[in-house]
Visitor: 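A single structure is presented below for examination.
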Amino acid sequence: MGIKLTERPQAQASGMETLEFKGTALSDEEFKGGKVVTVSGAPNAQYGWDAGVAIGRFLHELKEGRLIGTFCRSCNRIMVPPRMFCEWCFRNTDEWAPLKDTGVVNTFSLCYVTWDMKRLKEPEMPAVIEIDGASPGMGIMHLLGEVDPKKVQIGMKVRAVWKPADEREGAITDIKYFKPM
Amino acid sequence: MGYRKVAVVGAGMTKFVRRSLETGKELSFEASHMALESCQLTLDQIQSVVFGSAPDAFDGVHMKGEYISDGAGAFRKPYMRSYVGGGTGVFTPIQGWWHVASGMFDTCLVVCEEKMSPCQPHPQGAFLTIFDHTTERPLGPNLLWIFALEMNRYMHRHGITEQDIAQVAVKNKKNALDHPCAQIGREVSIDDVMNSEVLAWPVKRLDISPVSDGACAIVLASEEVAKRITDKPVWFEGVGWNLETAYWTNRDLYYPKQVEYAARMAYEMAGIREPRKEINIVEPYDPFDYKELHHLEGLLLCDKGKAPELTRSGVTARNGDMPVCPSGGLLGVGNPIAAAGLMKICELFWQLRGEAGKRQVPGSPRRGLAQAWGDLMQVGTVVVLGR
């Protein structure tokens with residue numbers, strides 16, 4: 001492809017100091033106090049997600065108070081969350097694999113803010129929990145509870161605290177949280 | 001391999017600010033216009049345009065890449081928007097690279113824009129749907145969680161302290177004092193970081209980059225055209241990108257393998273065998289202070305768990321042996337997601353040409369690396385530039 005280039009009339013800018021950067025900062029006051037015009041809107045989007053083949057069964061098992069994974073014979077992994085195909089071997093998984101409702105804290109946080117930066121008095125304690133019965137390193141995200149935040153540690157053994165059977169609905173929240181064993 | 005040499009020949013950016021008066025389209029125009037002026041090209045000499053911007057949900061505009069395109073000079077041109085989460089700002093120039101390297105075009109304008117401020121009450125809201133809708137979102141996660149979980153795992157695995165990590169925030173915010181576009185350049189101490197509000201332990205307020213609006217642009221040209229445009233072309237020597245599995249709770253978060261794979265791809269292309277000796281300036285992705293360390297390790301620029309020592313001993317200072325984030329990084333200059341990544345490429349461009357002003361690293365650096373990262377700790381994007 002041809003491109004027309006004219007001779008350069010002068011050498012290029014020689015450094016930062018000669019450059020002019022654009023962009024106009026607005027203060028919070030200017031934005032919220034109506035000093036600049038803004039228009040607001042709230043798009044309304046609602047969804048009904050299908051749980052799918054593997055997670056659908058996972059949810060049914062949660063309702064029964066059990067955790068379940070899937071096994072891939074090719075890479076020999078017992079995986080949780082379960083999947084109907086192995087992403088490593090790219091083939092269907094072979095079997096369902098019942099798991100325990102205990103595990104080990106792989107990592108955790110003590111979170112003192114909500115997503116919109118409102119302060120929480122008591123921290124939420126999200127964690128990745130490696131589930132017993134699954135292959136090493138196979139964790140799920142969940143919450144910790146019934147534990148002093150100062151005492152939470154990586155490597156801590158934990159057990160699921162389930163909702164009463166008649167309150168379970170086939171959701172990840174059928175486990176209220178995991179507590180130290 | 002059968003691709004052509006590609007150079008960066010011009011760069012431009014806007015100031016990074018918490019909330020800009022300018023719209024995303026206007027910010028894009030300012031950065032694009034500045035980039036074109038810097039190499040004295042006009043829009044009719046631009047044969048293709050690529051554009052990077054993070055989720056449409058920030059703006060509440062469906063297909064914002066197309067909506068903003070006029071500000072990127074894309075009118076009646078081959079145009080393509082990319083979005084790979086936080087990795088976008090270093091991925092978009094890779095996309096521009098193959099537009100030219102392939103022989104399809106002799107010039108390409110690469111524009112990255114982000115305006116996070118419209119999203120109310122907090123742009124984090126736009127990120128919440130990254131979590132699995134069935135197995136994670138019912139737990140009420142917020143985006144800080146994944147960073148806190150990753151940081152804690154990294155600290156635990158290597159016995160790294162919060163103070164070790166705070167050094168990065170101190171360094172980068174100070175470096176940003178010399179950047180004319182910086183949003184939060186300032187002098188802070190390790191104690192200031194340690195005493196700042198705990199958000200999601202171990203993450204504290206000063207461990208994190210701010211929410212920002214801003215845009216950056218660069219101009220790419222094929223070898224023959226670049227040499228006619230400028231005496232100081234900055235060449236693409238290597239590019240790499242890689243994506244990890246979305247099953248993030250099944251991976252050990254202490255180490256970013258996807259970054260290593262992306263880096264290896266770029267090093268192989270650049271013929272780099274000993275990156276620690278052959279890379280002179282590094283602009284790794286630093287939305288959180290620990291990420292700079294995490295990424296230096298993933299980039300194979302130090303041993304696993306040893307990045308804090310590099311910071312402590314001054315190796316990564318602007319006048320150190322391997323300056324890291326001499327720009328001030330996302331922690332200091334600001335973090336308009338896609339634009340923040342391209343800011344790092346702009347920094348390398350100015351540094352390698354000796355045009356970085358007060359930020360200029362000593363010793364006429366020959367080669368620099370920029371890297372970005374994103375999604376559920378999934379993507380790694382790497383560009384190596386040299387002169």
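No hydrogens, no waters, no symmetry mates; every other heavy atom, side chains included, goes into these values. Numbered from 1 within each chain, the chains take letters A, B, ... in sequence-line order.
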Visitor: Checking A:Glu124 against A:Tyr112: is there a side-chain donor and acceptor pair closer than 3.5 Å?
Guide: no
Visitor: For the candidates B:Leu139, B:Val17, B:Thr14, which exhibits the highest count of non-hydrogen atom pairs separated by less than 4.5 Å from chain A?
Guide: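 Winner by heavy-atom pair count: B:Leu139.
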Visitor: Is it the backbone or the side chain of A:Met138 that comes under 4.5 Å from a heavy atom of chain B, or both, or neither?
Guide: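 Contact with chain B is through both the backbone and side chain of A:Met138.
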Visitor: Would a 4.5 Å heavy-atom cut-off, applied to side chains only, mark A:Val113 and A:Arg119 as touching?
Guide: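 Answer yes - side chains close enough.
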Visitor: Can you see whether A:Trp49 has B:Arg137 sitting over its ring - NZ or CZ less than 6.0 Å from the centre and within 45° of the normal?
Guide: yes
Visitor: Give the intermediate values and the outcome of ring-ring contact (aromatic ring centres under 6.0 Å, His included) for residues B:Tyr154 and B:Phe147.
Guide: CA-CA 10 Å; B:Tyr154 173 60; B:Phe147 292 99; over 10 Å; no
Visitor: By a 4.5 Å heavy-atom criterion (distance strictly below it), what part of B:Leu41 contacts chain A: side chain, backbone, both, or neither?
Guide: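 For B:Leu41, the contact with chain A is made by the side chain alone.
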Visitor: Go through the steps for A:Tyr177 and A:His142 under the test ring-ring contact (aromatic ring centres under 6.0 Å, His included), then give the verdict.
Guide: CA-CA 7 Å; A:Tyr177 46 77; A:His142 216 292; 8.5 Å; no
Visitor: For chain A, find which of B:His122, B:Gln124, B:Arg153 contributes the most heavy-atom pairs closer than 4.5 angstrom.
Guide: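 With the most close heavy-atom pairs to chain A, the winner is B:Arg153.
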Visitor: Run the salt-bridge test on B:Arg251 and B:Glu244 with the 4.0 Å N-O cut-off and return the result as yes or no.
Guide: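 Salt bridge flag = yes for B:Glu244 with B:Arg251.
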Visitor: Would you mind checking which part of B:Leu128 comes under 4.5 Å of any heavy atom in chain A, side chain (CB onward), backbone (N, CA, C, O), both or neither?
Guide: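 Just the side chain, heavy atoms under 4.5 Å.
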Visitor: Using non-hydrogen atoms and a 4.5 Å limit, figure out which bit of A:Ala127 sits close to chain B: side chain, backbone, both or neither.
Guide: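 Contact with chain B involves the backbone of A:Ala127 alone.
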Visitor: In terms of heavy-atom proximity below 4.5 Å to chain B, should A:Thr114 be classed as side chain, backbone, both, or neither?
Guide: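 Backbone only.
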Visitor: Tell me, for A:Leu26 versus chain B, whether the close heavy atoms (under 4.5 Å) come from the side chain, the backbone, both or neither.
Guide: both
Visitor: Determine whether the aromatic ring centres of residues A:Phe178 and A:Phe108 are separated by less than 6.0 angstrom.
Guide: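 Ring centroids of A:Phe108 and A:Phe178 are no less than 6.0 Å from each other.
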Visitor: Side chain, backbone, both or neither: which part of A:Glu30 has a heavy atom under 4.5 Å from chain B?
Guide: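 Contact with chain B: none, neither part.
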Visitor: What part of A:Asp28 gets within 4.5 angstrom of chain B, counting heavy atoms only: side chain, backbone, both, or neither?
Guide: both
Visitor: Flag the pair B:His179 / B:Glu347 as yes when at least one side-chain heavy-atom distance between them is below 4.5 Å, and no otherwise.
Guide: yes
Visitor: Flag the one option from B:Asn142, B:Asp252, B:Val225 with the top tally of heavy-atom pairs under 4.5 Å to chain A.
Guide: B:Asn142
Visitor: Do you know which of B:Trp350, B:Trp248, B:Trp145 has the most heavy-atom pairs with chain A at a distance under 4.5 angstrom?
Guide: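 Ranked by heavy-atom pairs under 4.5 Å with chain A, first place is B:Trp145.
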Visitor: Taking atom CD as the centre, does B:Gln120 end up with more than 12 heavy-atom neighbours from other residues, nucleotides or ligands that are less than 6.0 angstrom away?
Guide: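 Atom CD in B:Gln120 is packed in, count exceeds 12.
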Visitor: Which atoms of B:Phe131 come close to chain A, meaning under 4.5 Å heavy atom to heavy atom: side chain ones, backbone ones, both, or neither?
Guide: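 Just the side chain, heavy atoms under 4.5 Å.
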Visitor: A:Leu59 versus chain B, heavy atoms under 4.5 Å apart: side chain, backbone, both or neither?
Guide: side chain
Visitor: Taking every heavy-atom pair that is under 4.5 Å apart, which of B:Lys358, B:Lys15, B:Arg19 has the most such pairs with chain A?
Guide: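 If we count pairs closer than 4.5 Å to chain A, B:Arg19 comes out on top.
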Visitor: Contact part of B:Leu144 toward chain A, heavy-atom cut-off under 4.5 Å: side chain, backbone, both or neither?
Guide: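 Only the side chain of B:Leu144 comes within 4.5 Å of chain A.
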Visitor: Would you check if there is a donor-acceptor pair between the side chains of A:Asp174 and A:Trp162 at a distance under 3.5 Å?
Guide: no
Visitor: By a 4.5 Å heavy-atom criterion (distance strictly below it), what part of B:Thr245 contacts chain A: side chain, backbone, both, or neither?
Guide: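 The side chain, not the backbone.
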Visitor: For chain B, which candidate among A:Asn106, A:Thr38, A:Asp116, A:Leu62 shows the most heavy-atom pairs at distances under 4.5 Å?
Guide: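 Top option by heavy-atom pairs under 4.5 Å: A:Asn106.
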Visitor: Indicate yes or no: at least one non-hydrogen side-chain atom of B:Met155 is less than 4.5 angstrom from one of B:Pro202.
Guide: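 B:Met155 vs B:Pro202: side chains touch.
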Visitor: Under a 4.5 Å heavy-atom cut-off, does chain A meet the side chain of B:Glu136, its backbone, both or neither?
Guide: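 Both backbone and side chain of B:Glu136 come within 4.5 Å of chain A.
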Visitor: Among B:Gly60, B:Ala57, B:Gly125, who wins on heavy-atom pairs under 4.5 Å with chain A?
Guide: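 Ranked by heavy-atom pairs under 4.5 Å with chain A, first place is B:Gly125.
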Visitor: Please state whether the side chain, the backbone, both or neither of A:Tyr47 comes within less than 4.5 Å of a heavy atom of chain B.
Guide: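 It is neither, since no heavy atom gets under 4.5 Å.
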Visitor: Side chains of B:Leu36 and B:Leu43: closer than 4.5 Å at any heavy-atom pair?
Guide: yes
Visitor: Between A:Ala171 and chain B, with a heavy-atom cut-off of 4.5 Å, which part of the residue counts as in contact: side chain, backbone, both or neither?
Guide: neither
Visitor: Tell me, for B:Met13 versus chain A, whether the close heavy atoms (under 4.5 Å) come from the side chain, the backbone, both or neither.
Guide: both
Visitor: Among A:Pro126, A:Ala51, A:Pro43, A:Ala25, which has the most heavy-atom pairs under 4.5 Å with chain B?
Guide: A:Pro126
Visitor: Are any non-hydrogen side-chain atoms of A:Pro123 and A:Cys111 less than 4.5 angstrom apart?
Guide: no
Visitor: Measure the shortest side-chain to side-chain distance between B:Glu355 and B:Gln360 over non-hydrogen atoms and say whether it is less than 4.5 angstrom.
Guide: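 B:Glu355 vs B:Gln360: side chains apart.
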